[in-house]
Amino acid sequence: MKHLLRLADLPITEINRILDCAQAAKTGIYDDSETKRIVANLFFEPSTRTQYSFNTAELKLGCKVINFNAASSSLQKGETFYDTVKTFESFGIDAVVIRDRKDRYYLDLIDRIHIPILNGGDGKMDHPTQSLLDLLTIREEFNHFDGLKIAIVGDIAHSRVAHTNIEVMQRLGMQCYISGPEEYQDAQYDSIDFDQAVETMDVIMLLRVQHERHDQAMSISVEHYHQQYGLTMERVAKMKPHAIILHPAPFNRGVEIADDVVECEKSRIFKQINNGVYVRMAVLKRAWESD
Ligand code: CP
């Protein structure tokens, strides 16, 4: 069995193998024969894309699926995170997909849970399947990674998507920059002025301001944010002809992205969401490979 916890744990050969499997899944290589497998999606933090695209991937593979509802579970009676996961393992299921607001929640599990754990996002640290679907979308567009320039724009400091992507994209030879409001930047990364990024990058990845992870309210207004750092059609017109727009979503229209940019010709946002299903099929199949 194979967990999927952090992409930083995987060599580039393994990342490329997962992307190849996801691409093959898109062409229909996998059938729905995993009918004996039961997968539980344990989301302790809200999700639409990750939870339900895992759910879709599980159904496409033929698995039976349990979608855990934290709000109506015995967590409300004081049961712990660990005891909840251990309970699902005790049911005899075949894998768990977990999202939790705690950074590296899986450290409490890996020595004591003996079924594959697929990380659906942990705190501000990692979101491996999001990065894999971002990589698949970029690879489909450009057919390579080496030398591509990406600017990730917005709330970098609170973003597991930014941290996971920058680590793996640098290993793949991409030049990664960050941009956005000063209060949300991270000094360990190279920064670039947003309007300069718009004109020079191959990929602009926008991020939502993650208010739920903030101790204090944003210091600038939504209008000011949109004016300074929002991707508008006026800015899109200045992007390089081949450049594309990514966003992990959910997005806030009129804040980091203008309404008419969401589905503009350069946007690959809904393609990312579609690719998420195939990436998740690939990592589920990988979970049941022997070590
Ligand atoms: N991109 C992403 O993780 O979306 P959800 O929070 O809806 O899963």
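Whatever order the structure lists them in is the order used to number ligands and atoms, beginning at 1.
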Side-chain (Ser179) to main-chain (Val153) donor-acceptor, under 3.5 angstrom: no

Side chain His127, main chain Thr164, donor-acceptor under 3.5 Å: no

Phe54 six-ring centre to Arg280 NZ/CZ under 6.0 Å and within 45° of normal: yes

Any N/O pair Pro248/ligand 1 closer than 3.5 Å: yes

Shortest protein heavy-atom distance from atom 7 (O) of ligand 1, along with the residue and atom involved: Thr48 N, 2.8 Å

N/O separation below 3.5 Å, Gln51 to ligand 1: no

Protein heavy atom at shortest distance from atom 3 (O) of ligand 1: His127 NE2, 2.8 Å

Arg99 heavy atom under 4.0 Å from ligand 1: yes

Nearest protein heavy atom with distance in Å, relative to atom 2 (C) of ligand 1: Ala249 O, 3.4 Å

NZ on Lys149 to NZ on Lys240, rounded to 0.5 Å: 6.0 Å

Atom CD of Gln188: over 12 foreign heavy atoms under 6.0 Å: yes

Nearest non-hydrogen protein atom, atom 4 (O) of ligand 1: Arg49 NE, 3.1 Å

Phe44 and Phe68 aromatic ring geometry - parallel, tilted or perpendicular at 30°/60° bounds: tilted

Sub-4.0 Å heavy-atom contact, Gly121 with ligand 1: no

